[in-house]
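Notes follow once the structure below has been shown.
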Protein chains: 2
Amino acid sequence: MKKKRVSITDIAKALNVTPSTVSRALNGGGKVSEKKKQQIQALAKELGYRPNPIARSLVENKTQTIGLIIPEFTHHFYSRVLAGIESVTSKAGYQLLICTSNEKKRQEIKSFQTLLDARVDGILATVCKKNDEFGHLQEVLESETPLVLMDRICEEIETSYVISDDFEGAFQAVDFLLQTGCTQIIHIKGPKVLSTSFNRFMGYKEALRKHQIPYNEELIFEGNDPELPEKIRTYIKTNPVDGVFAYSDYLAFEAVNVLRNEGISIPDKVAIVGYADEPISTYVTPQLTSVNQRPFDMGSIAAGFLLNQIQDPNSPLEFKSLKTELVTRSSTKKNQLARSWE
Amino acid sequence: MKKKRVSITDIAKALNVTPSTVSRALNGGGKVSEKKKQQIQALAKELGYRPNPIARSLVENKTQTIGLIIPEFTHHFYSRVLAGIESVTSKAGYQLLICTSNEKKRQEIKSFQTLLDARVDGILATVCKKNDEFGHLQEVLESETPLVLMDRICEEIETSYVISDDFEGAFQAVDFLLQTGCTQIIHIKGPKVLSTSFNRFMGYKEALRKHQIPYNEELIFEGNDPELPEKIRTYIKTNPVDGVFAYSDYLAFEAVNVLRNEGISIPDKVAIVGYADEPISTYVTPQLTSVNQRPFDMGSIAAGFLLNQIQDPNSPLEFKSLKTELVTRSSTKKNQLARSWE
DNA sequence: CTGTTAGCGCATTCAA
DNA sequence: TTGAATGCGCTAACAG
């Protein structure tokens, strides 16, 4: 026998008033005599009354719910983004409806549909890797549901977004390698279709240009190549290499392994920089120099943008490119110009 | 101007029928002439009709939503639990309302309240570390909202749960250390109030007993002691130690660091086993032998239990203690009895 | 087979 | 200040 939840009508009956009055007394509605208001509020508390958000949603046409679409949570990065989001949405009284796409386009599309169906008040999303077509995002826009993209953007779609300054982050990293004396720097690239891959690659090139080091295509490796370790191993045996800039900490770690197996000392012979500053960077040996993307901030800022749009649908789109911070550890040589991340 | 969503009444009007008919035609209701059904379904599709789950929830008194409370997502473990949950809930057509407690009791209580308010059909939860009092769980039970606990249980509360067999997992680990010749095995304990800490500790003791090695209290260290590394360092300088069994991979890693700094070779002089088989265990050097808890299964099984209870509130409580699997890597010596995790 | 009526819990008119 | 009436979108019980 389900213990019936007490409704606004229950307490209205008990007090011989109408539900309207109770509603007004409980929300700030003002137009209720102080006496009744006190009475009603007291009884409500006593009975443990809890407003039914479902009913409220139905009449107010908003759900106090925000949808979140994220590729997955196994990367520390997204966990931090989530934490950042939650820190602001929970304070603002919003619930989070969370969907993961597992980097699959089909699931992503379905997730958007689900969230739209659920009538969320807004959507935060990081689109998945395979993203050549954006019809589903267009639909979101047409539904007039506020949307803020994080980390990865689609240029075809006009929406607010928060990204990390990948170009600058990569530039910082490679610039640092060059400053500490490296000249033959391998770059291990990220997934082809991602804007982040492209921007980091461009940052790499720009740093070379600044130091007038010629770009050498042979130094570029594809991160998703299953034979990556083997190819690096082969390459370094016959070519001079003194630095590695990887698209991710995980890829950097693969390079670490190859070098260690070959007995090449890090950072003396080859210095290595990863990307994302995941916890693993402090667990590997040597500890990995990496680019911190401030994922927590990414989440909190994106959530802020979204709340702005929800409050005022006519507010202008907002954009933010987060500055990165190079965290130097023992996989690179010392350089007084660099500050370590606090 | 918000593009109005088409409702059941819109399409009813357009076809000169009543909303009820439309409702019946769209749900399997049967009692509709084939012709009208076709017509209605066709128009619904054409107009892009999407049922409003809010309205449906209000009348059906269920939300097709499951609440999830997790301490946090930065541990890989919980990400996998989430993935397991989602794999079954999404198939069953349920949404996930996710709250994180950040291991804070206050937040946990608030999260339960939030989920109850949201009228979720059921709750999956891993309670936070500081959990001496369970009034809030009692409230959930009284509200008759199905509840399944994961990983950590409260003996005072009668509820379905899925846990990992911590006793057996620890036993396996320590038994393995003993089989490979260790006799002086340090145990680094987990948080005091957690059932998992206690059970792993008991498993450790049981393995010693099996091998008739006397229990030595000096070998027990507290994981949350900020001076842990220092204490271990001091101890091993004057006492024989040839093994470490840690409550977590992270704690195991602290031991690895101490040993490496002291120039003690792993696993030759001291073998080390962690717990949880987090990704870091493959990134540290040497790679860490660890106990895999099958978090994905934990999530999927818990979700299954919950769905059972939702479907039939009178179904009996269900319990599951997941078998663990010892994954041997290079931080321990070889032993043909052990199988590596696939 | 289909229309009518009612109601889920709440907020919000409009009268009184 | 308060009550009565209306509707949010949908399902379900009851008639016809």
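As a basis for the values below, the full set of heavy atoms in this structure was taken, side chains included, without hydrogen atoms, waters or symmetry mates. A note on names: the letters A, B, ... follow the listed sequences, proteins ahead of strands, and every chain is numbered from 1.
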**Footprint string (nucleotides 6-16 of chain C, 5' to 3'): B base within contact, S backbone only, - free, heavy atoms under 4.0 Å** = --BBBBBB---
**Request:** Would you mind listing every side-chain hydrogen bond (donor to acceptor under 3.5 Å, both in side chains) that reaches into residues 51-60 of chain B, with sequence neighbours excluded?
**Result:**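 For residues 51-60 of chain B, and leaving out neighbouring residues, there are no side-chain hydrogen bond (donor to acceptor under 3.5 Å, both in side chains) pairs at all.
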Please enumerate all residues that pass side-chain contact (heavy atoms from CB on, under 4.5 Å) together with [X], with sequence neighbours excluded.
| X | value |
| --- | --- |
| A/Gln113 | A/Leu116, A/Asp117, A/Glu139, B/Arg50 |
| B/Pro313 | none |
| B/Thr21 | B/Val17, B/Thr18, B/Arg24, B/Val32, B/Ile40 |
| B/Ile109 | B/Lys105, B/His136 |

**Asked** Base, sugar-phosphate, or nothing: which does A/Asn16 touch, judged by heavy atoms less than 4.0 Å apart?
**Response**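 Touches sugar-phosphate only.
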**Request:** Please round to 10 degrees the angle between the axis of the first five pairs and the axis of the last five pairs in the helix from C/dC1-D/dG16 to C/dA16-D/dT1.
**Result:**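 Roughly 50° between the end axes, to the nearest 10°.
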**Request:** Please state how far atom CG in B/Leu26 lies from atom P in D/dA12, giving the value in whole angstrom units.
**Result:**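 For the pair B/Leu26 CG and D/dA12 P, the rounded distance is 13 Å.
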**Item:** Whole-Å gap separating C1' (D/dC8) and CG (B/Asp10)
**Value:**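 Roughly 13 Å, once rounded to whole Å.
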**Message:** With a 4.0 Å cutoff (strictly under), does any side-chain N or O of A/Lys36 reach OP1 or OP2 of D/dT2?
**Reply:**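 Indeed, a polar side-chain atom of A/Lys36 lies that close.
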**Request:** Decide side chain to side chain donor-acceptor pair (under 3.5 Å) for B/Asp121 and B/Thr63; before the verdict, give the C-alpha distance in whole Å, the side-chain angles of both, and the deciding distance to 0.1 Å.
**Result:** CA-CA 6 Å; B/Asp121 294 340; B/Thr63 53; 3.2 Å; yes
**Request:** Enumerate the residue pairs fulfilling salt bridge (Lys or Arg N to Asp or Glu O under 4.0 Å) with a member in residues 69-89 of chain A, sequence neighbours excluded, ordered by first and then second residue.
**Result:**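 Every candidate salt bridge (Lys or Arg N to Asp or Glu O under 4.0 Å) pair involving residues 69-89 of chain A fails, so no pair, neighbours aside, qualifies.
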**Listed partners of B/Asp297 passing salt bridge (Lys or Arg N to Asp or Glu O under 4.0 Å), at least two apart** =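 If we apply the salt bridge (Lys or Arg N to Asp or Glu O under 4.0 Å) test to B/Asp297, skipping adjacent residues, the hits are B/Arg294.
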